[in-house]
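Note sheet for the following structure.
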Amino acid sequence: MRKVLLGATGLLGFLVVWHLIPATGLVDPQYLPYPTDVAARLLQEFRDLAFWRRLRLTMTAWALGLALATLAAVVLGTAVGLVPFLRRATHTTVEFLRPVPSVALIPLAVLMFGLQLRAALVIVVYAAFWQVFVQVIYGVADVDTVARDTARSFGLTRRERLRYLVLPTALPYLMTGVRLAAAVALILAVTAEMVIGNPGLGRSIELSRSAGDAVGLYGLVVVTGLLGLLVNLVFRLVERRSLAWHQSVRSEELP
Amino acid sequence: MTARRPALRIAANLLFALGLPAVAVVLWGVWSARSDNRFLAGPLAVLDAFRRTWIGPAFVDDVLPSLLRLALGIAGSIVLGVAAGIAIGSLRRLRETLGPLLEFFRAIPPPVLIPVAMLLLGITGTMKVVVIMSGAIWPILLNTIDGVRATDSVMLETADSYRIPRWERLRFVVLPAAAPRIMTGVRQALSVALILMVISEMFASSSGLGYRIAYFQRNYLIAEMWSGILLLGLIGILLAVLFGLVERRVLRWYQGMKEITRA
Amino acid sequence: GCTDSDATTGSPAASGDLRKVRVAALPISETAALWGGIKAGIFRKQGLDVEVSPAQGGAQAIPALINGDIDFAIGQPFGPFRADLQNLGVVIVGNYASSYADGDDINAVVASAKSGITRPAQLAGRKVSVNSLGAAGDVTIMAAVEKDGGDPAKVEFVEVAFPDAPAQLAAGNIDAAWVTEPFITQLRGRGDRVVVEPYQATIPGLATLTTITSAKLKDSDAALVTKFSAAMKETLTWAGDPANEASLRQAIKDNLKLPEPVADSVRLPAFGWQLDRAGLEQLATLARKYRVLDRQPDFDRLIQQQ
Amino acid sequence: MPDGSPLLRVEHLRKVYASATGDVEAVADLSFTMDHGELVCIVGPSGCGKTTLLKCLAGLLRPTSGVVEMDGSPVTGPSPAMAVVFQEYGRSLYPWLTVRGNVELPLRHQKLSRAVRDRTVSDALEAVGLPHAARSHPWQLSGGMQQRVAIARAIAYRPEVLIMDEPFAAVDAQTRADLEDLVRELHLTRGISTVFVTHDIDESVYLGRRVLVLSHAPTRVREDLVIDLPPERDQLTTRALPRFTELRTRVYEQIQRAKRGPAEAGPAISVG
Amino acid sequence: MPDGSPLLRVEHLRKVYASATGDVEAVADLSFTMDHGELVCIVGPSGCGKTTLLKCLAGLLRPTSGVVEMDGSPVTGPSPAMAVVFQEYGRSLYPWLTVRGNVELPLRHQKLSRAVRDRTVSDALEAVGLPHAARSHPWQLSGGMQQRVAIARAIAYRPEVLIMDEPFAAVDAQTRADLEDLVRELHLTRGISTVFVTHDIDESVYLGRRVLVLSHAPTRVREDLVIDLPPERDQLTTRALPRFTELRTRVYEQIQRAKRGPAEAGPAISVG
Ligand SMILES: Nc1ncnc2c1ncn2[C@@H]1O[C@H](COP(=O)(O)OP(=O)(O)OP(=O)(O)O)[C@@H](O)[C@H]1O
Ligand SMILES: Nc1ncnc2c1ncn2[C@@H]1O[C@H](COP(=O)(O)OP(=O)(O)OP(=O)(O)O)[C@@H](O)[C@H]1O
Ligand SMILES: [Mg+2]
Ligand SMILES: [Mg+2]
């Protein structure tokens, strides 16, 4: 309860700052509208079925992309993190591919998949993959030496070691990675819709933008922000359940 | 375990560093030779374009300023991310106040932020640095917060029981304990920063590496575009190497403890 | 009660054996003709069921064209110019929209009131924004500046998307901006001054949008191209008829988020299927002169008026 | 240091750990006082709440109810006059610092000259027999060596009150004897008040001026035994005294009874 | 199990830890053999290399040179017939599993029926006196309780060879005595071969059929003592035997000498 209250205070503070920027004339309200106007527009949008349809499209691309990216990153990251040979052999390639901007890959994606959801999906997966991948590699390396020796000496099989030792150790890292990736995937899902033009929130943003409709534009931007908030809330919940044993969650319970 | 003679070891390292890329280049060559798709330039064409495009004045005019902004963006992200991360990670009240706000901002696509940044900061280098930071700070911030919160309770109790002052506790206990996580975040931030450098230059710009890539892309200068992406990749590798050197220094204890170096 | 703003845009139920055609077009008011033509059933008459993909410019549309994901694209002529220079195998099969040879044009360079710029020559040494560097905008502006006695090499161009230009102009980050409707009206209303209409000043009636397809499709399915061209021709004629203006404006309202008054007042271009090859060649020549292009496209190959 | 009042006063201390799987009452109702310059040994069955008690004394854990007072004022946080040697020595050393760095860290904010600080650290390492390991990292040391580093850190801190939680569990008999004498010497010559948890009954009798025997969890004081051995003690002669044997038997019996108390069953010997 | 050949054969074992700050020679040159069904106690000064030796035996550490053979074939990795109780018990328990989960984990790939597995786990927890803690997590337990969980895990695994590194360091005297008898019982009734590192000299004599005394680091075998006490032992009567006292004195002297050897100075008693 206190947590919700504090969080609301933070958001309220932000809204006040936002309101002050156009109010003090720092920026013309025509270009950065008042939050009250944006809120009014949002309420109007929320009553529009089309808005929810677009939201669903965007969230579908997001969820699918994030799931694929996480799956691939966990599998590959664990393999690369655990096998020194793989790590050494892939190091340069990984470092080469990682900074390739997904936005620059959009033409390639369009070339391969057309102006379709799949093209957007490729971009989302590519961008989100690296976020999780790096975290998993570091997480896998974090296994305690004594804990590892214990597993080895009790003859745990490879699968058991993965399931009961490596995964729990890497889980906090993985959680951070997925939270980072969730935001990146959302950003890319929206950006891809803006650039490729597959239907969704991003396309609406672009439409508002090209119409010079600042209120609508920021309304949608706020919606993406709120989505991020919501997504994070869900992940926090998952984290609290799956990391109940971990120091960071445990310490929350101390007086 | 590794070869004793340094020459051999260097050779082995080189083989590991270049093995997979070499295979990839060969596959790429074969693929592009067999495909009639004009959008897939072959490795030779890209190499040629690379030489023509980037070696010469373009490097000074386009690449160096971009790199400078990149460096500023990364440095800013690290300083701000670690400082804020430690504050937010160790102060529960602050974490609860700022948490939702940060999550809110994290989800906003940079392309829609760029016009606002432009309005507030003008079409300047500062604006681009801010855009780079607006993306690169998140991995560092999140990892620092999580790293600080995961600090072993016995270690903290030890520090408390010896009444180690705030600053020293930070410097000698909390920071090193979170260092492995922070370094993970920095590593991620490097590539995110590079990506955002490109994005920041793809809008409202008339020079820079990102602008060039966007320009080539729009003009179907396919080989040139891929040469730009090649350059990005090379910068990425360079950053990774530099980072590796720093990381090895900063995390020497950690790698020794985890037997990473010996594995 | 809930509303559903998409409900009106649902394309009329496709009957039986229509040929599916995907067309990429920018989400701008100019596309109204295409939307209107589809709604008026002109394409269905030719046995075509047209789906419009809102691609953002040629950078995305041309790969999709080559890949076969879309069949036609409506786009600015510089896209096919560049694509032709790279032998990507695209052809311009017809015009779509052009600027006006006289009267108010559909794009213009607008300077902020405080910059004091009144003539094109004064743009030299100033910061001028275009939506995309190295395209028709900066080429014609440079030509206009030179024509007015200024030094075209001194104009400092920066890239700012049309929708962002008014704000940047107001903030003083740029001195002048090349914008299209509805922003010209918006800026005029604010007291900013139209410096020059660069198309009109250099190549009056220059094509702004053309209809593009891939050479491959044209060779492999000539019948489709013929049918589509016929429908387009009819559509553009239909759109040019003042009697149909209300339908056009309705199409804008259905497909874009423009506020009603803007949609009712936004200036529409001259629609027409017949290409002005001389104008396009002149544009390419200017582009070579200002080193925006390093060669002339092969116009015999590129332009194949249907 | 007001000499009239006791150093530590614990009254009706109770500590319940709240957790998702149910509350655990570790300390039920504990009262005792300790004077300045005393050396109190605490013994009790495994898991009875000794560590919990120490953490409450050190101000690291807030009691659920009851009073913990030091020098007449309630303990609300760690006091600068106290040094703690933790049972989990491995986790209380910082792996990123060398042994020397670990020992030196708490001294940094004491206003000591560089030279004095270096001397203090070297002396402490010498005292625990680890002068040669100063530049190693804790994870390069054996368990016993790590424990000795933790002890050296506490010694170097020169506290008024020393709290030690099974500090000699991981060292060999000879080293243990040496370290026991070291603790006694610090206690005698510097007057350091010491609270010492141990499982070794002989050790508790040899070291202490008093031995507190705790019952099984939730713990209470089962017996508060004064060790009336001469203050000058010696590993061979003191341990050979008949009174020593009497006292150790007494403590042993008490522990055994504490262990076999009704609430917690002792280990069963047979294994299926 | 070929009965003629020894179970373990260690010959000229040497282990050097390579590190950035310089190499550390932990084990210099160590040779001994151990038969099937033996119970060998290893004692030696803190930091002499006992843990290192155990890790080499368990196949967790590769010797720098020398031979470690089990059942006649060289040890290259951990053997499924072996269970290890680590000195750092805290870190060897998985915090994300409950106590029960920790004990059960190594049994998962043994083809046991669910019921048998549950029984085994419950029995093992019962044997160490922790049946009530099965659903807690390790970090909710006291140090001694954690150590007992680690022991329960090794027992439940039903190994042929049990390797224990100071397994009773953190438990009270009474529990310790009970656990000692538990180890002896497992050894006698199930014929488990056991290697047992301890710092408690009485314990080594009470438990062992043989006691290996190691010298300080770099370690060698200083003495290999056969404990000729009757196999049926009892906490009270055995420890009262004159032969017991003789043997313990002997081990004590050897350790003391090992400690005071020329290479490593013992702890100095005085503190600046
Ligand atoms: N963090 C915790 N959460 C829940 N219960 C705890 C926690 N810490 C300790 N306990 C419980 O409190 C009781 C006392 O623990 P404590 O560590 O004080 O015992 P101890 O006397 O130090 O035992 P030992 O001699 O084994 O170290 C135990 O039953 C333990 O399970
Ligand atoms: N990872 C390591 N790196 C470097 N040196 C090490 C490492 N582990 C142990 N050593 C060194 O090897 C020697 C023997 O260590 P080991 O842990 O085997 O001792 P031990 O006999 O088990 O001692 P204790 O009784 O204190 O546990 C010590 O001097 C120690 O410093
Ligand atoms: Mg304890
Ligand atoms: Mg050891």
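Each chain gets a letter, A, B and so on, in the order the sequences are listed, and its residues count up from 1.
Taking chain B as the reference chain and counting heavy-atom pairs below 4.5 Å, the highest number among D:Pro159, D:Pro138, D:Ala150, D:Ala154 is found for D:Ala154. Put simply, of D:Gly59, D:Ser79, D:Gly77, D:Ala81, the one with the most heavy-atom pairs under 4.5 Å next to chain B is D:Ser79. Considering only heavy-atom pairs separated by less than 4.5 Å from chain D, the leading option among B:Val173, B:Ile164, B:Leu251 is B:Val173. Top candidate by heavy-atom pairs under 4.5 Å with chain B, chosen from D:Thr98, D:Ile163, D:Leu105, D:Val85, is D:Leu105.
The contact between B:Asp160 and chain D is made by backbone and side chain atoms together, counting heavy-atom distances below 4.5 Å. Looking at D:Ala83, both its backbone and its side chain come within 4.5 Å of chain B, counting heavy atoms on both sides. Of the two parts of B:Ala179, neither the backbone nor the side chain holds a non-hydrogen atom closer than 4.5 Å to a non-hydrogen atom of chain D.
Separating the NZ atom in D:Lys55 from the OG atom in B:Ser161 is a distance of 10.5 Å, to the nearest 0.5 Å.
Checking side-chain atoms of D:His109 against main-chain N and O of B:Arg163 turns up a donor-acceptor pair under 3.5 Å.
Note: B:Phe172 and D:Tyr94 fail the aromatic proximity criterion, with ring centroids not under 6.0 Å apart.
The two atoms that bring B:Trp253 and D:Trp139 nearest to each other are O-CZ2, 3.2 Å, heavy atoms only. For the residue pair D:Leu93 and B:Met155, the shortest heavy atom distance occurs at O-CE, 3.9 Å.
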Would you please test D:Arg153 and B:Thr158 for side-chain contact (heavy atoms from CB on, under 4.5 Å) and show each step?
CA-CA 11 Å; D:Arg153 177 167 60 186; B:Thr158 306; 3.3 Å; yes
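The side-chain heavy atoms of B:Tyr162 and D:Pro78, taken from C-beta on, include no pair separated by under 4.5 Å. Looking only at side-chain heavy atoms (C-beta outward), B:Glu157 and D:Ser92 stay at 4.5 Å or farther from each other. No side-chain heavy atom of B:Glu168 sits less than 4.5 Å from a side-chain heavy atom of D:Pro106.
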